[in-house]
Amino acid sequence: MRQFVTSALGRRNLAIIVVLALLSVPLSRSWLSGLVLGVVLLLGQWGVWRGRVARSLRQGYDVGDGISVGYLESEEFRVIDRTGELLLPRGSAMVVFRRGGVVTIVGRSICFLLPSELLTDGDAAFLEGHGEVPQTPQAPTPPFSLALEVTPAVQQSLVDARTRAIATSADFLMTTIFAILIVVFVASFSPPWRVMTGVVVFVVACALPQLRVLSTNRRLMRIVFPIGYTIRAEADAEHLSVTSPHRTVRVPWHAYKARRVTDRSVFLRLDRRKPGNTQILPRELFSEEALAQMSAHVPRTF
């Protein structure tokens with residue numbers, strides 16, 4: 001919850017709530033209504049964050065699950081839990097900090113939490129790039145049989161695919177449509193100055209955040225798949241493994257809920273309730289055998 005409140009997204013949402021509460025004062029001509037609206041919105045936002053945290057933890061860690069960490073021969077830090085494996089090279093984290101018995105690893109393309117007992121100060125120094133690999137037993141590095149160099153065309157196709165996936169998701173469309181309907185409804189019963197106020201509220205509270213989400217995701221795809229980097233992958237009987245400059249992810253097939261294959265991209269949805277939570281990879285990265293493996297383990301399409 002502290003991560004949500006102190007994040008850039010959390011600060012933005014809190015600022016939007018304050019703006020909406022202040023704008024409601026001249027509309028209702030009552031400071032009390034503005035205060036009530038602000039409190040209601042704050043409680044609603046807190047409830048949404050609480051639900052997301054609880055759902056995320058249930059998907060990642062459950063009572064009785066095991067979490068293990070260690071190093072590979074390739075000098076990568078490995079985290080294993082029931083959602084799969086995450087391999088992080090030296091310097092892949094921008095910052096690692098401890099708070100309240102939890103350690104937060106802020107990577108260049110991922111951020112996640114671990115119980116603080118699992119990460120020593122030497123591990124944190126390695127992830128931040130100013131420490132060496134501790135002298136511990138090292139496991140062999142998993143093989144990668146598929147490879148593809150990221151060209152400008154490949155990168156642009158991935159960025160376009162991510163843009164379409166977000167712009168056509170239910171979250172994106174319903175938020176925009178619902179906000180437009182509210183503005184139209186207010187405009188039909190209000191004088192012009194209130195219509196302009198509604199338009200300003202719509203732009204500040206809905207349009208700009210949605211455009212910011214698109215911009216952030218497009219920038220993130222360029223970070224994860226930089227031009228000149230060779231993506232490596234392996235589709236075996238249990239996992240799909242994919243490398244990027246800042247991490248390697250091994251996800252078990254059962255974690256994927258649905259798939260879609262186009263001429264340029266492969267979409268693997270991780271959560272049916274959140275269409276935007278979809279892994280997007282170049283179609284050229286998959287061999288026919290890998291596609292057959294994926295179809296056998298992820299039969300549902302979308």
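For the numbers below, each heavy atom of this structure counts, side chains included, while hydrogens, waters and symmetry mates do not. Because the structure is predicted, anything quoted here is derived from the model rather than measured.
- Sorted by first and then second residue, the pairs that involve residues 126-148 and meet salt bridge (charged side-chain N to carboxylate O under 4.0 Å, His left out), not counting sequence neighbours, are Arg90-Glu132.
- Considering only heavy atoms from C-beta on, Val242 comes within 4.5 Å of Ile231 through its side chain.
- Here the side chains of Ser116 and Val102 are not in contact, with every heavy-atom distance at 4.5 Å or above.
- Using a 4.5 Å cut-off on side-chain heavy atoms (C-beta onward), Ile80 and Ile67 make no contact.
- Atom CZ of Arg50 and atom CD of Gln45 lie 14.0 Å apart (nearest 0.5 Å).
- With hydrogens and angles left out, the side-chain atoms of Asp123 and Thr120 include a donor and acceptor closer than 3.5 Å.
- Judged as a side chain to side chain donor-acceptor pair (under 3.5 Å), and not counting sequence neighbours, Gln155 has no contacts.
- Interatomic distance, Asn217 CG to Arg219 CZ, rounded to the nearest 0.5 Å: 9.5 Å.
- A donor-acceptor contact shorter than 3.5 Å is absent between the side chain of Arg250 and the backbone of His239.
- The heavy-atom pair separating Glu234 from Ser145 by the smallest distance is OE1-OG, 2.6 Å.
- Applying the ring pair (Phe, Tyr, Trp, His ring centres under 6.0 Å) test to residues at least two apart or on different chains, the pairs with a partner in residues 119-138 are Tyr71-Phe126.
- Using a 4.5 Å cut-off between side-chain heavy atoms of Ile, Leu, Val, Met, Phe, Trp and Tyr, with links allowed through other members, Ile227 and Val159 fall into different hydrophobic clusters.
- The two residues Ala165 and Ile280 have their closest heavy-atom pair at CB-CD1, 4.2 Å.
- Judged as a salt bridge (charged side-chain N to carboxylate O under 4.0 Å, His left out), and not counting sequence neighbours, the contacts of Arg78 are Glu85.
- Note on residues 279-302: pairs passing ring pair (Phe, Tyr, Trp, His ring centres under 6.0 Å), not counting sequence neighbours, are Trp253-His297.
- A donor-acceptor contact shorter than 3.5 Å links the side chain of Thr141 to the backbone of Ser74.
- Distance check, rounded to the nearest 0.5 Å: CE of Met294 to CG of Leu240 gives 8.5 Å.
- Note: Ser157 OG to Asp263 CG = 11.5 Å, rounded to the nearest 0.5 Å.
- Taking the side chain as every heavy atom from C-beta outward, Val154 and Leu148 approach each other to under 4.5 Å.
- Among Val106, Leu119, Val95, the one residue that satisfies the side chain to side chain contact (heavy atoms under 4.5 Å, CB included) test with Leu127 is Leu119.
- Residues satisfying the side chain to side chain donor-acceptor pair (under 3.5 Å) test with Glu75, not counting sequence neighbours, are none.
- Residue Leu281 holds its CG atom at 14.0 Å from CZ of Arg264, rounded to the nearest 0.5 Å.
- Residues Pro89 and His246 form no side-chain contact, since every pair of their non-hydrogen atoms from C-beta on lies 4.5 Å or further apart.
- Residues Val96 and Ala124 share a closest heavy-atom pair of CG1-CB, 3.8 Å.
- When side chains are defined from C-beta on, Pro115 counts as touching Leu118, because their heavy atoms get closer than 4.5 Å.
- In this structure a side-chain-to-backbone donor-acceptor pair under 3.5 Å is missing from Ser265 to Thr262.
- Cluster membership check: Leu42 shares its hydrophobic cluster with Trp46, using side-chain heavy-atom separations under 4.5 Å among Ile, Leu, Val, Met, Phe, Trp and Tyr.
- Here the side chains of Pro226 and Arg222 are not in contact, with every heavy-atom distance at 4.5 Å or above.
- With hydrogens and angles ignored, the 3.5 Å screen pairs no side-chain donor or acceptor of Tyr229 with any backbone N or O of Val150.
- Residues forming a side chain to side chain donor-acceptor pair (under 3.5 Å) with Arg218 (at least two apart in sequence, or on another chain): Thr163.
- Closest of all the heavy-atom pairs between Pro140 and Leu72 is O-CD2, 3.8 Å.
- Among pairs with a residue in residues 35-47, none fulfils salt bridge (charged side-chain N to carboxylate O under 4.0 Å, His left out), at least two apart in sequence or across chains.
- There is no path of hydrophobic side-chain contacts, each under 4.5 Å, that joins Ile223 to Phe112.
- Using a 4.5 Å cut-off between side-chain heavy atoms of Ile, Leu, Val, Met, Phe, Trp and Tyr, with links allowed through other members, Ile16 and Val5 fall into the same hydrophobic cluster.
- Looking at Cys111 and Ile105, their side chains never come closer than 4.5 Å, going by heavy atoms from C-beta outward.
- Atoms OG1 and CZ, on Thr278 and Arg269 in that order, are 5.0 Å from each other to the nearest 0.5 Å.
- The two residues Asp65 and Arg82 come nearest to each other via the heavy atoms OD2-CD, 3.1 Å.
- Under the salt bridge (charged side-chain N to carboxylate O under 4.0 Å, His left out) criterion, Asp121 pairs with Arg98, sequence neighbours left out.
- Under 3.5 Å, the side chains of Glu149 and Thr230 contain no donor-acceptor pair of N or O atoms.
- Other residues, nucleotides and ligands place more than 12 heavy atoms under 6.0 Å from the CD atom of Gln156.
- Here Thr248 pairs with Glu76, Leu87, Phe144, Thr243 under the side chain to side chain contact (heavy atoms under 4.5 Å, CB included) rule; sequence neighbours left out.
- Residues satisfying the side chain to side chain contact (heavy atoms under 4.5 Å, CB included) test with Val249, not counting sequence neighbours, are Leu86, Arg247, Val251.
- When all heavy atoms of Ala290 and Ala235 are compared, the pair lying nearest together is CB-CB, 3.9 Å.
- Scanning for side chain to side chain donor-acceptor pair (under 3.5 Å) contacts around Glu288 gives Arg283, with sequence neighbours left out.
- In the hydrophobic clustering of ILVMFWY residues, with side-chain heavy atoms under 4.5 Å counting as a link, Val40 and Trp31 come out apart.
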For this session: Begin from the C-alpha positions of Val103 and Phe97 and carry the test side chain to side chain contact (heavy atoms under 4.5 Å, CB included) through to its verdict.
Result: CA-CA 6 Å; Val103 59; Phe97 60 91; over 6 Å; no
